[in-house]
Amino acid sequence: MARWLLLAAAVLFLVLAMAGCASRQSSSGFRLPDGDPDAGQQAFVTLQCNTCHRVSGTNLPETTAVTAVRLGGEVLAQPTDGKLTSDIINPSVQFALGYPDEQIMVGGHSRMPDYTQKMSVRQMADLVAFLHTRYTVKPVPYPVR
Ligand code: HEC
């Protein structure tokens, strides 16, 4: 009997611990103010994001970085506001896929600068609105028999 109780307590502890982690990572309930994509494109250049990024379907001034990380284009699912916001102000939490580590990281951290003191919430909302317009959702086609 005592063993069962111990096991139940352990499971309960694990579930609560996992729920704690999930709430820190989850963007449930997160909502940016509506943004203006044109102002976002302007902020993208003002904040010099274009020095490292190429954005699908735009003709922004050239990137100067060795590796231009591509933003926008065809994706399987539209990125959420939460994902884009974390990518911008907490870039080392999740790294862009498809690039060799040494091109996008230094000492385990993203090469992206810390923007937490350099942009307003308005700029963030506009940037995210701008980036949203640059992604095209292309579902995987069903296999043809
Ligand atoms: C000095 C170069 C540099 C600058 C400037 C820069 N970034 Fe980045 N950015 C990177 C690199 C390298 C990555 C890939 C590593 C990572 O995911 O953090 C990245 C990743 C991203 C991603 C995630 C891409 C993905 O596929 O997951 C977004 C979104 C992004 N940047 C937006 C911005 C915005 C918006 C700005 C300007 C406010 C900006 N970046 C400025 C270098 C830069």
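Ligands are counted one by one from 1 in listed order, and the atoms in each one are counted from 1 as well.
- Between atom 8 (Fe) of ligand 1 and S110 there is no N/O/S contact shorter than 2.8 Å.
- At a 4.0 Å heavy-atom cut-off, ligand 1 touches Q48 through the backbone alone.
- Across all non-hydrogen atoms, the minimal contact from D126 to A39 is OD2-CB, 3.4 Å.
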Please walk me through it: do L32 and L84 pass side chain to side chain contact (heavy atoms under 4.5 Å, CB included)? CA-CA 11 Å; L32 278 172; L84 289 173; over 6 Å; no
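- Counting the atoms of ligand 1 from 1 in the order shown, those under 4.0 Å from a heavy atom of R111 are 1 (C), 12 (C).
- Taking only nitrogen or oxygen atoms, main chain and side chain alike, P91 reaches within less than 3.5 Å of ligand 1.
- C52 SG, 3.3 Å is the protein heavy atom nearest to atom 4 (C) of ligand 1.
- Every atom of ligand 1 is numbered from 1 in the order shown, and the set under 4.0 Å from a heavy atom of I88 is 32 (C), 35 (C).
- V140 and L76 get closest at one heavy-atom pair: CG2-CD2, 3.5 Å.
- Nearest heavy atoms, I104 versus A96: CD1-O, 3.7 Å.
- Contacts with ligand 1 closer than 4.0 Å are made by side-chain heavy atoms of P113 only, the backbone lying farther away.
- Contact annotation for V69 and ligand 1: only side-chain heavy atoms (C-beta onward) come within less than 4.0 Å of the ligand.
- Taking 4.5 Å as the limit, every side-chain heavy atom of R134 sits out of range of all side-chain heavy atoms of P37.
- Residue Y115 touches ligand 1 through its side chain alone, judged by heavy-atom distances below 4.0 Å.
- Between T63 and H53, the shortest heavy-atom distance links the atoms CG2-O, 3.1 Å.
- Checked by distance only, ligand 1 and A96 come closer than 3.5 Å through their nitrogen or oxygen atoms.
- For ligand 1, the atoms lying closer than 4.0 Å to a non-hydrogen atom of T51 are 5 (C).
- Nearest heavy atom pair, residue Y99 against residue R70, reads OH-N, 2.9 Å.
- When hydrogens are left out, the protein atom nearest atom 43 (C) of ligand 1 is M112 CG, 3.0 Å; that is the closest non-hydrogen contact.
- Nearest protein heavy-atom contact of atom 23 (C) of ligand 1 is D87 OD2, 3.4 Å.
- Inclusion of H53 in the first shell of atom 8 (Fe) of ligand 1 is supported: an N, O or S atom falls under 2.8 Å.
- To the nearest 0.5 Å, atom OG1 of residue T51 and atom CD of residue E62 are 12.0 Å apart.
- Contacts with ligand 1 closer than 4.0 Å are made by backbone heavy atoms (N, CA, C, O) of Q94 only, the side chain lying farther away.
- The closest approach between M119 and ligand 1 falls below 4.0 Å for a heavy atom of the residue.
- When only non-hydrogen protein atoms are considered, atom 38 (C) of ligand 1 lies nearest to C49 SG, 2.6 Å.
- Scanning the protein heavy atoms around atom 28 (C) of ligand 1, the nearest turns out to be L71 CD2, 3.7 Å.
- Taking CD1 from I88 and CG from L131, the interatomic distance works out to 5.5 Å, rounded to the nearest 0.5 Å.
- Remark: distances from the non-hydrogen atoms of K83 to ligand 1 include one below 4.0 Å.
- The minimum heavy-atom distance between P79 and H132, with the atom names listed, is O-CE1, 2.9 Å.
- Of the heavy atoms in L97, none comes closer than 4.0 Å to ligand 1.
- Considering only heavy atoms from C-beta on, Q41 comes within 4.5 Å of L60 through its side chain.
- Considering only heavy atoms from C-beta on, L71 comes within 4.5 Å of F44 through its side chain.
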